[in-house]
Amino acid sequence: MGRNDIYGRGVIVPERYRTADRALFERSGALRPSPADPLLRDLGRAADHSVLWVACAAVCAAAGGHARRGAVRGLLSVAGASALTNGLLKPLLPRRRPPARTDPKFARRTVPIPRSSSFPSGHAASAAAFATGMALESPAAGAVLAPLTAAVAYSRVHTGVHWPGDVVVGAAVGATVAWSTRRWWAVRNREPADVQVAAAAPALPSGEGMLLVVNRDAGTAEEIAAAVTAALPGVRRVDLDPDRDPAEQLGRLLAEDRPRAVGVCGGDGTVAAVLDVAVDARLPVAVFPGGTLNHFALDLGAVDLEETVRAVTAGQAVAVGLGQVTVTGPDGRTVRRFVNTASLGGYPDAVRLRQHWEPRIGKWPAAGLAMLAVLRTASPMPVRIDGAGRAVWLLFVGNGRYTPADQVPMSRAHLDPGTLDVRYLPAESRFSRLRLLVAAATGTLGASPMYRQRHSPTLSVEVIGDPVALATDGEVLADGTGFTFEVVPSALTVYRLAADQPASGPDPVSEPVAVSDPDSGAGSAGASDGAA
């Protein structure tokens with residue numbers, strides 16, 4: 001078999017590798033017929049057009065948490081790997097397919113030979129891209145997928161449509177593409193944020209004295225709430241009415257029950273609403289994440305139900321900081337607190353569109369379409385940031401220091417640093433929208449003039465023109481033209497186990513912290529002692 005029987009002019013490979021390629025292919029072809037033949041043939045067909053990986057992504061998305069993020073990263077990696085192999089590498093590096101296997105014993109395993117270039121294997125690239133993307137977010141899910149990935153890759157040799165070298169290079173391309181997604185979409189840090197201030201909270205051995213507030217419409221809230229009531233049978237569970245203001249409902253419940261602590265089971269919006277009321281009531285909070293993203297719970301390290309239950313029964317807690325914004329708008333001045341983030345500009349508009357479309361097409365499709373619509377139609381927002389005139393596409397304010405600093409913010413290293421994480425996207429330059437998208441796609445956002453980031457204890461934003469929407473913790477809450485952001489350190493007491501806390505109780509008590517109210521001379525004290 002001569003060199004030109006295997007390789008086109010686009011691929012130049014040393015003789016020893018070509019010899020090994022032929023030998024491995026022939027060894028696979030010499031295997032005796034077995035029940036694995038039709039299985040590998042059907043597996044390769046299932047991976048056509050990445051149908052197999054879309055199905056795996058659907059299963060992982062239903063599991064939630066890291067697996068859901070892994071499914072998204074995996075599918076994006078598959079799209080990139082497929083475009084690179086089929087759109088660039090195959091045309092540039094043509095290679096002939098292996099010769100057809102005519103021996104009748106191969107009938108159970110052979111498939112029609114494609115007409116495209118053999119090098120590299122698109123199936124292997126997609127398989128490796130999905131598994132690697134999944135492993136970056138969820139190593140456990142990646143390990144489960146590894147055997148399936150290897151089987152799909154090998155099936156291309158077993159069925160006679162690829163040389164082994166095609167599969168090896170294809171898998172390397174797919175894994176590299178998936179790994180490169182870290183440059184423009186960072187992997188979330190799995191370690192909980194540091195909290196240096198311990199706080200006093202009542203020990204509730206059976207949950208007696210805790211009011212458990214549940215949003216049944218959130219993700220896995222019903223399942224989590226059932227587990228909480230089983231572990232803490234003394235809690236009193238209350239389900240929120242989705243058609244009523246959660247703060248109003250919780251305020252009435254606290255006045256009637258006078259609990260010693262509050263538990264919350266739901267997503268970030270529910271958690272933020274409950275924490276806001278708990279601060280005014282000076283009550284400690286136990287967070288049991290049951291939503292879609294659960295940003296605060298992940299940063300807090302409250303993803304393990306058993307650990308949170310142990311913290312409640314032992315009375316171990318920490319004090320965390322909150323963000324606060326004073327909004328000046330058509331209805332006067334209002335004060336809003338936020339647990340995670342606040343934003344002005346494109347994001348609030350996208351949230352409103354998502355909420356409008358969500359009942360008809362679902363949350364995630366609505367969110368994606370809303371963001372595309374806003375990016376296409378958004379206009380620069382003229383503002384004064386701490387007195388300096390700017391035009392921006394979006395302004396982000398994080399409660400604490402978010403990482404990474406040069407990409408989309410993912411997580412916090414500390415929950416009470418005393419500073420805001422301020423980021424905005426300037427819109428004064430020509431082609432600023434296009435330059436921003438290119439910088440984000442190439443992982444060079446931190447070095448781009450289209451991106452500004454700093455840390456500050458306060459921030460003043462004045463909108464020049466009509467009122468704009470403010471979104472806090474993923475919910476649009478107010479319109480205004482003036483926004484003053486500040487940090488409220490150690491404002492809230494949250495149950496959490498700490499390595500330096502004894503099992504019998506908490507460390508020394510943190511002092512109460514005032515939450516300022518611009519409409520009065522005095523502040524309302526933040527939660528510190530956990531007593532009702």
Side-chain angles (χ1 to χ4, degrees), residues 268-269 272 276 293 295 322-356 367 370-402 405 407-410 412 419-429 432-433 436-437 440 445 448-488 518:
D268 283 311
D276 188 53
L293 299 177
H295 289 299
L322 295 178
Q324 184 170 280
V325 54
T326 302
V327 183
T328 302
D331 299 327
R333 288 197 300 172
T334 59
V335 178
R336 303 285 185 180
R337 302 189 189 103
F338 56 97
V339 177
N340 299 314
T341 65
S343 58
L344 302 170
Y347 180 73
D349 295 336
V351 170
R352 281 180 167 163
L353 275 177
R354 185 209 77 197
Q355 292 172 339
H356 177 68
M371 187 58 68
L372 289 175
V374 168
L375 286 174
R376 183 175 61 86
T377 62
S379 300
M381 180 175 63
V383 296
R384 292 189 182 92
I385 300 176
D386 288 336
R390 303 299 304 256
V392 301
W393 294 108
L394 177 145
L395 184 140
F396 165 94
V397 182
N399 172 31
R401 291 176 179 257
Y402 275 78
Q407 296 180 31
V408 175
M410 296 297 296
R412 285 168 282 189
T419 58
L420 300 167
D421 190 326
V422 180
R423 310 183 188 205
Y424 58 91
L425 309 177
E428 297 99 344
S429 303
S432 60
R433 182 163 20 198
L436 172 65
L437 292 175
L445 198 59
S448 171
M450 301 297 100
Y451 180 81
R452 291 288 183 267
Q453 190 265 347
R454 63 184 172 89
H455 298 107
S456 174
T458 61
L459 175 71
S460 173
V461 179
E462 179 186 354
V463 177
I464 304 172
D466 296 332
V468 300
L470 167 74
T472 59
D473 296 322
E475 303 291 335
V476 180
L477 297 179
D479 289 347
T481 54
F483 305 87
T484 302
F485 299 88
E486 59 185 314
V487 179
V488 186

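Index from 1, following the sequence.
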Qualifying residues under ring pair (Phe, Tyr, Trp, His ring centres under 6.0 Å), relative to F396, sequence neighbours excluded:
Y402
Non-hydrogen side-chain atoms of P449 and P426 separated by less than 4.5 Å:
no
So which atom in A427 and which in W393 form the shortest heavy-atom distance, rounded to 0.1 Å?
CB-NE1, 3.4 Å
Using side chain to side chain contact (heavy atoms under 4.5 Å, CB included), reason through V463 and F483 one step at a time and then give a plain yes or no.
CA-CA 8 Å; V463 177; F483 305 87; 3.8 Å; yes
Output all residues satisfying salt bridge (charged side-chain N to carboxylate O under 4.0 Å, His left out) with R423, sequence neighbours left out; order by chain, then residue number.
D421
Rounded to the nearest 0.5 Å, what separation is found between the CG atom of N340 and the CG atom of L322?
10.0 Å
Of the non-hydrogen atoms in D479 and P467, which two are nearest, and what is the gap between them?
CB-CB, 4.3 Å
For T481 and G465 the tightest heavy-atom approach is CG2-O, 3.7 Å
Side chain to side chain contact (heavy atoms under 4.5 Å, CB included) for T484 and L459? Distances and angles first, verdict last.
CA-CA 6 Å; T484 302; L459 175 71; over 6 Å; no
Would you give me the side-chain donor-acceptor pairs under 3.5 Å for residues 383-390, sequence neighbours excluded?
unit_1	atom_1	unit_2	atom_2	d
R384	NH1	E462	OE2	3.3
D386	OD1	S460	N	2.9
D386	OD2	R454	NH2	2.9
R390	NE	E428	OE2	2.7
R390	NH1	Y424	OH	3.2
R390	NH2	E428	OE1	3.4

Between A272 and D473, which heavy-atom pair has the shortest distance, and what is it?
CB-OD2, 3.3 Å
Check the pair L394 / L425 against side chain to side chain contact (heavy atoms under 4.5 Å, CB included), numbers first and verdict last.
CA-CA 6 Å; L394 177 145; L425 309 177; 4.2 Å; yes
With heavy-atom distances below 4.5 Å as the criterion, would you say the side chains of V468 and M381 are in contact?
yes
Nearest 0.5 angstrom please: L395 CG to R452 CZ, how far?
13.5 Å
Mind listing the closest non-hydrogen atom pair of F338 and G398 along with its distance?
CE1-C, 4.3 Å
When you compare the side chain of R412 with that of R401, does any pair of heavy atoms fall below 4.5 Å?
no
Would you mind telling me which of V335, L344, L470 makes a side chain to side chain contact (heavy atoms under 4.5 Å, CB included) with V325?
L470
Report the C-alpha separation of R337 and V488 in whole Å, then their side-chain angles, then the decisive distance to 0.1 Å, and conclude whether the side chain to side chain contact (heavy atoms under 4.5 Å, CB included) test is met.
CA-CA 9 Å; R337 302 189 189 103; V488 186; over 6 Å; no
Using atom types as modelled and distance alone, determine if a side-chain donor or acceptor of N399 lies under 3.5 Å from a backbone N or O of T341.
no
